[in-house]
Amino acid sequence: MFASQVKSLLKQFASPVLDGLGIYDRQLRKMPASSWTIVMYHRVIDDAAADPFELGMCVTRRHFREQLAYFRRRFSPIGMSEAVRRLARGEPLPDRALSITFDDGYLDNYTVALPVLKSFEMDAALFVPTGGLDDDTPLWWDRVIHTLDATGEELLLPAELGIPLSGEPLSLGPWKRAETVTRVLDALWTLPHDTMLEVLARMERAMPAVRRVAPVARRMDSRQVLAMHQAGIEIGAHSVRHSNLNLETPAVVRREMQTSRQVLETLCDAPIKGFAYPAGWKNADTEAAARESGFDYAVSTISGVNHPNSDIFTLARVGMPDTSVADLKRALVSVIQRTGTHGKS
Ligand SMILES: [Zn+2]
């Protein structure tokens with residue numbers, strides 16, 4: 001029995017039993033009325049093959065629908081900008097406010113998630129990297145995922161490819177490949193963006209596709225981003241290249257923020273108020289840059305629930321698991337128990 005299987009069994013069977021006993025509801029009722037929960041999604045998919053390594057970025061359409069129904073019943077949904085505007089004026093948020101966010105601008109947000117959001121009349125904010133928006137260019141980590149999914153190689157050699165991991169070969173066998181992908185992605189995030197792209201191109205050349213797998217994840221183009229805006233979805237910036245901003249110079253950080261903001265403002269002919277730090281990488285300098293780049297707020301990937309006094313430029317979020325509502329409640333309870341309400345003064 002593998003750890004991931006044990007975890008999955010717990011999610012499938014233990015969470016519903018504990019939920020049936022009302023244990024999670026009792027814990028969640030203790031959430032302060034003034035709490036502000038911001039949930040984070042990336043992809044909403046129909047086909048499990050689109051998520052070969054289960055890296056936590058995909059939720060099925062069925063789970064997404066169940067989760068939104070639960071939010072409608074138990075929370076007060078509110079748009080990101082509306083919540084920020086009220087806090088800036090010292091106005092209270094509705095009790096147990098909840099905002100929905102999507103990062104990265106995947107095509108399935110438009111084709112799959114948008115109709116579900118509409119059916120529940122829920123607002124959402126979408127943070128879109130602007131680089132290559134109309135070139136059908138995949139996001140760089142999706143190229144890594146696709147390459148390692150489709151390769152016939154059984155071993156990955158970090159030293160030969162220039163991946164900063166210890167020299168030992170990493171297994172791409174069925175029980176190890178998800179762990180290997182995670183290790184490779186974690187290592188690539190530590191490289192300057194241009195160096196990382198060189199390593200990635202080397203990996204693609206060394207490991208050509210031989211297996212038929214799901215196509216690389218597609219992004220929305222600018223027409224679809226505009227259609228989301230016109231459908232009432234708030235569009236936010238997410239940099240141009242989606243690099244690790246902690247590794248960039250202050251000038252590049254500002255350019256990444258301001259260029260992405262301007263591109264989206266021109267596209268939507270509307271102010272862009274929010275920024276999401278790419279992959280959550282941020283420090284005091286990037287927070288200052290976000291304030292100075294004219295945004296009203298910025299969301300991080302710090303796991304937690306916010307409070308009216310939370311720092312509006314490091315808002316915490318809760319990543320949504322690809323699970324039933326029972327297990328979603330377990331995830332929320334565990335975030336609250338671990339972190340309390342983030343930024344409480
Ligand atoms: Zn992102």
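Along the sequence shown, residues are numbered consecutively beginning with 1. Both ligands and their constituent atoms are indexed starting at 1 by order of listing. Everything numeric in this text was worked out from a predicted model, so none of it was measured.
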* Look at the aromatic rings of Phe64 and Phe102 and report parallel, tilted or perpendicular, splitting at 30° and 60°. => perpendicular
* **Linked, directly or transitively: Leu267 and Val128 (ILVMFWY side chains, under 4.5 Å)** => yes
* **Pair Arg317-Thr101, side-chain donor/acceptor within less than 3.5 Å** => yes
* What protein N, O or S atoms come within a distance below 2.8 Å of the Zn ion (ligand 1), ordered by chain and number? -> Asp104 OD1, His238 NE2, His242 NE2
* To do: Taking the side chain as every heavy atom from C-beta outward, state whether Pro52 and Val213 have any atom pair closer than 4.5 Å.
  => no
* To do: Determine the sole option in Asp311, Asp285, Asp296 for which the salt bridge (Lys or Arg N to Asp or Glu O under 4.0 Å) test with Arg291 is passed.
  => Asp311
* On the ring face of Phe275, is Arg261 found with NZ or CZ under 6.0 Å from the centre and within 45° of the axis? -> no
